[in-house]
Amino acid sequence: MEQKFQKGKNHGIGVLTSGGDSQGMNAAVRAVVRETLRQGHRCYLIREGYTGLITGNIDQATWEHVANVTHLGGSMIGTSRCDEFRTTDGRKKAAKIMFDRRIFHLIVIGGDGSLMGAQKLKEEWGRFGEELFAEGKITEEVANEGRELHLAGIVGSIDNDCIESDKSIGSDTALHRICEAIDGLVMTAQSHQRVFVVEVMGRHCGYLALTAAIAVEADYVFYPEIPPDDKWPEQLCHQLESVRKYGKRQNVIIIGEGVTNSKGMKIGGKQVKEEIETRLGLEVRIATLGHLQRGGEPTFLDRLLGLRMGHEAVLEVLKTTEDVGSPIAGQKTVAQVMCLRGHNIERNELSRVIRQTETANEEMQQRNYDLACRLRGFGFLDKRTYLNFVSVPLSFTIPEDMKTFAVIHIGSPCAGMNAATFSFTRMANHSGIKVLGIKNGWDGLKNGDVKLLTWENVQGWAQAGGSMLGAKRQLPSELDKIAEGLNTHKVDGLVIIGGFMAFQSALVFQKNRSDYSCLSIPIVVIPATISNNCPGTCMSLGVDTALNEICRQVDNISQNAMGSKNKVMIIETMGSRSGFLATMTALSTGSQFALIRQIETNEDDLYKLAVETKQRLDSGNLDKFLLIRSEGASEKISAITVKMVFDQVMKNKYGVRITNLGYSQLGGHPSCFDRQMGIRMGVRAFEGIVKPDKMGKRDCCVIGLRGSSLRYVPVQGLENKVCFEHGIPLHMWWLKLHPLVEAMTKKPERIST
Ligand code: ADP
Ligand code: F6P
């Protein structure tokens with residue numbers, strides 16, 4: 001049943017997904033629907049992309065329509081490629097439907113083509129309104145009411161070709177699928193000593209190919225932005241031969257979609273296979289991953305990105321509604337696209353974003369490849385550069401008297417620690433520098449438990465979970481012995497990979513430099529902890545892998561709770577006293593409550609929550625209740641206390657269960673994000689240690705992910721920005737997202753079903 005239109009107050013916001021589907025679209029649709037309803041407006045689900053807009057395949061959304069969809073792949077409202085929308089007539093038909101349904105706010109989730117279509121509709125909107133009125137197809141009142149189309153775009157595409165956004169929804173999941181598939185292929189390739197040529201998607205953009213190549217330690221990658229020259233068969237075979245000499249039993253070669261040679265002729269897997277078989281006599285197999293890359297469940301990052309972008313897009317279209325003010329027809333508002341920059345969602349003008357993406361594609365067609373690469377963004381160029389270092393073997397032996405750098409893992413093991421060690425070692429070796437791995441924490445250094453890391457023996461580390469060196473939770477003590485260890489091994493630079501204790505260790509060293517000259521070496525901390533409590537960075541290594549694992553387990557718990565009497569699930573996550581993991585878990589799994597130390601909850605609050613939950617379960621508004629408790633949330637309110645309060649209220653009508661996710665949360669194989677971020681951080685650590693000037697005046701820094709870039713953040717400056725008692729930074733950016741847990745799951749009472 002349609003709601004009554006309340007002029008000026010009750011807006012109709014339509015949402016559609018278009019083009020290739022991508023994982024995370026459902027999280028975005030859910031956020032659009034729920035935020036729209038929360039704000040008291042109508043929301044419309046436009047089915048099958050622009051096709052549904054033209055044919056009027058549109059349903060008014062309820063809160064329940066989007067229940068339990070965050071974890072699902074694909075698009076719950078359908079998507080399509082619609083040729084009719086490319087025509088002016090087609091778009092005018094769509095406008096007529098929108099005027100009829102009074103949908104003057106539109107949120108489009110799709111790739112560059114879909115967003116281009118939306119921008120065209122926006123540009124033509126004023127004219128369509130006038131024509132439809134002149135043709136007698138809409139009334140003057142409706143024409144006036146809809147004088148403006150309030151449009152926002154969300155980039156949903158696995159290709160990640162939107163220049164202004166670090167990530168588009170779906171690209172992380174696609175990378176996850178690619179890495180999973182290649183990890184599997186590597187095992188069989190290893191047994192048979194085979195070469196696998198893997199074809200991946202990406203249309204005109206090499207992001208998937210290039211990023212996957214880094215994450216899986218591929219030996220060669222073809223991507224459209226840099227067509228190989230005519231000598232590529234020789235170069236490729238030389239590379240394969242040299243890594244085989246280093247003992248590698250398998251090779252992976254990745255070919256991005258749309259790859260051509262410098263003359264514009266397509267290069268495909270078959271051609272690559274033939275070249276290798278003829279020249280090297282190796283056994284080659286081709287694997288085309290195809291649409292598997294767009295399948296499966298969304299990763300943590302895509303769920304969170306979908307949720308945040310969907311929520312922001314609603315705020316954006318409603319904000320422009322206020323901007324319009326007086327009834328002037330035409331282009332009063334400017335459509336914006338929601339873009340990810342570091343950990344912030346920013347807005348960028350849709351028309352500009354489209355122009356930039358078009359320019360990059362045009363430059364490629366004109367064969368201005370360098371420019372195209374630069375237009376793809378900063379990270380793209382970086383990846384290109386260090387891929388050469390990490391995948392190409394050394395052509396020389398490192399002399400004995402060269403510098404020595406050391407790496408140590410401090411704290412709990414986590415994904416990404418090995419990847420960072422891997423790239424640091426390979427970069428250092430390429431510069432003729434030796435790398436020592438200190439095993440089992442500071443005790444290892446004191447006891448001489450060290451291992452020479454070399455280009456060969458770190459092979460496979462990027463994909464390995466845990467800590468290959470042995471991580472230990474300890475601060476440096478007995479500085480005399482530590483100094484002796486550093487002196488014995490002539491350590492010229494130190495990388496400490498870990499969480500809060502890694503930061504504290506660097507601080508201890510910095511403070512004792514005047515007493516121990518061997519501590520006056522460049523020191524870099526690479527943040528790696530699933531608690532995400534290392535100061536100086538917005539994201540630590542390990543977090544992404546942990547959250548993907550947690551999402552998987554919470555999805556299972558959630559599904560089983562729906563079909564059982566046990567409807568209240570208390571799930572305990574790690575994270576020490578930082579509520580980061582619990583908050584992110586709740587957001588990405590659609591859980592109803594995140595109990596964290598940073599937001600006070602007492603027993604009375606809990607009791608009220610339990611009473612309210614029972615009412616919601618009784619009324620059928622809720623099919624299960626998931627409470628995520630951070631392990632360090634409160635000394636007074638343990639998981640057992642929460643259970644007791646809920647048991648008391650539920651009176652055995654609904655069961656209450658506790659699950660402690662425990663050590664499994666650390667995850668197994670690192671996620672693609674942790675692998676490539678680990679590799680990036682390792683490279684950055686090396687650049688700072690080898691040229692301390694790069695780190696500024698202070699050569700003891702944390703590598704911080706700030707915005708989209710990795711910065712050197714002086715350890716000393718961070719001392720006043722942390723709480724040592726609880727081991728957390730004073731400013732935690734993610735706290736601003738905590739209110740979304742309730743906003744997205746608690747239906748306001750005034751909304752009827
Ligand atoms: P993506 O959005 O993933 O880039 P497409 O390029 O196939 O996928 O675009 C999806 C849909 O968006 C198209 O089928 C069409 O309906 C619409 N579209 C794409 N390009 C345009 C355009 N230049 N003008 C109007 N509509 C377009
Ligand atoms: O744009 C997303 C994408 O998956 C591209 O990477 C690929 O070229 C294309 O869509 C495949 O389209 P379809 O699903 O129509 O085969």
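Sequence positions, counted from 1, serve as the residue numbers for this chain. Counting starts at 1 for both ligands and their atoms, following the listed order.
By the neighbour-count criterion of 12 heavy atoms within 6.0 Å, atom CD of Glu358 is densely surrounded, having more than that number from other residues, nucleotides or ligands. Counting heavy atoms of neighbouring residues, nucleotides and ligands inside a 6.0 Å radius, atom NZ of Lys93 does not exceed 12 of them. Within 6.0 Å of atom NE2 in His669, 12 or fewer heavy atoms from other residues, nucleotides or ligands are found, so the atom counts as exposed in its surroundings.
Applying the side-chain hydrogen bond (donor to acceptor under 3.5 Å, both in side chains) test to residues at least two apart or on different chains, the pairs with a partner in residues 200-218 are Lys167-Tyr207, Thr211-Lys383, Glu217-Gln463.
Remark: Arg91 engages Glu124 in a salt bridge (charged side-chain N to carboxylate O under 4.0 Å, His left out) (not counting sequence neighbours).
For ligand 1, the 4.0 Å heavy-atom shell takes in Ser18, Gly19, Gly20, Tyr50, Arg81, Cys82, Phe85, Arg86, Arg91, Gly111, Asp112, Gly113, Ser114, Met116, Gly117, Lys120, Arg203, ordered by chain and residue number. Near ligand 2, Arg81, Ile158, Asp159, Met201, Gly202, Arg203, Glu257, His291, Arg294 each place a heavy atom less than 4.0 angstrom from the ligand.
By the 4.0 Å N-to-carboxylate-O rule, Lys137 lies too far from Glu131 to be salt-bridged with it.
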>> Working note: Lys120 + Glu123, criterion salt bridge (Lys or Arg N to Asp or Glu O under 4.0 Å); need CA distance, chi angles, decisive distance, verdict.
In response: CA-CA 5 Å; Lys120 282 195 176 168; Glu123 284 164 9; over 6 Å; no
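The distance from the OH atom of Tyr223 to the OH atom of Tyr369 is 12.5 Å, given to the nearest 0.5 Å.
In terms of heavy-atom proximity, Ile103 sits nearest to Ile13 at CG2-C, 4.3 Å.
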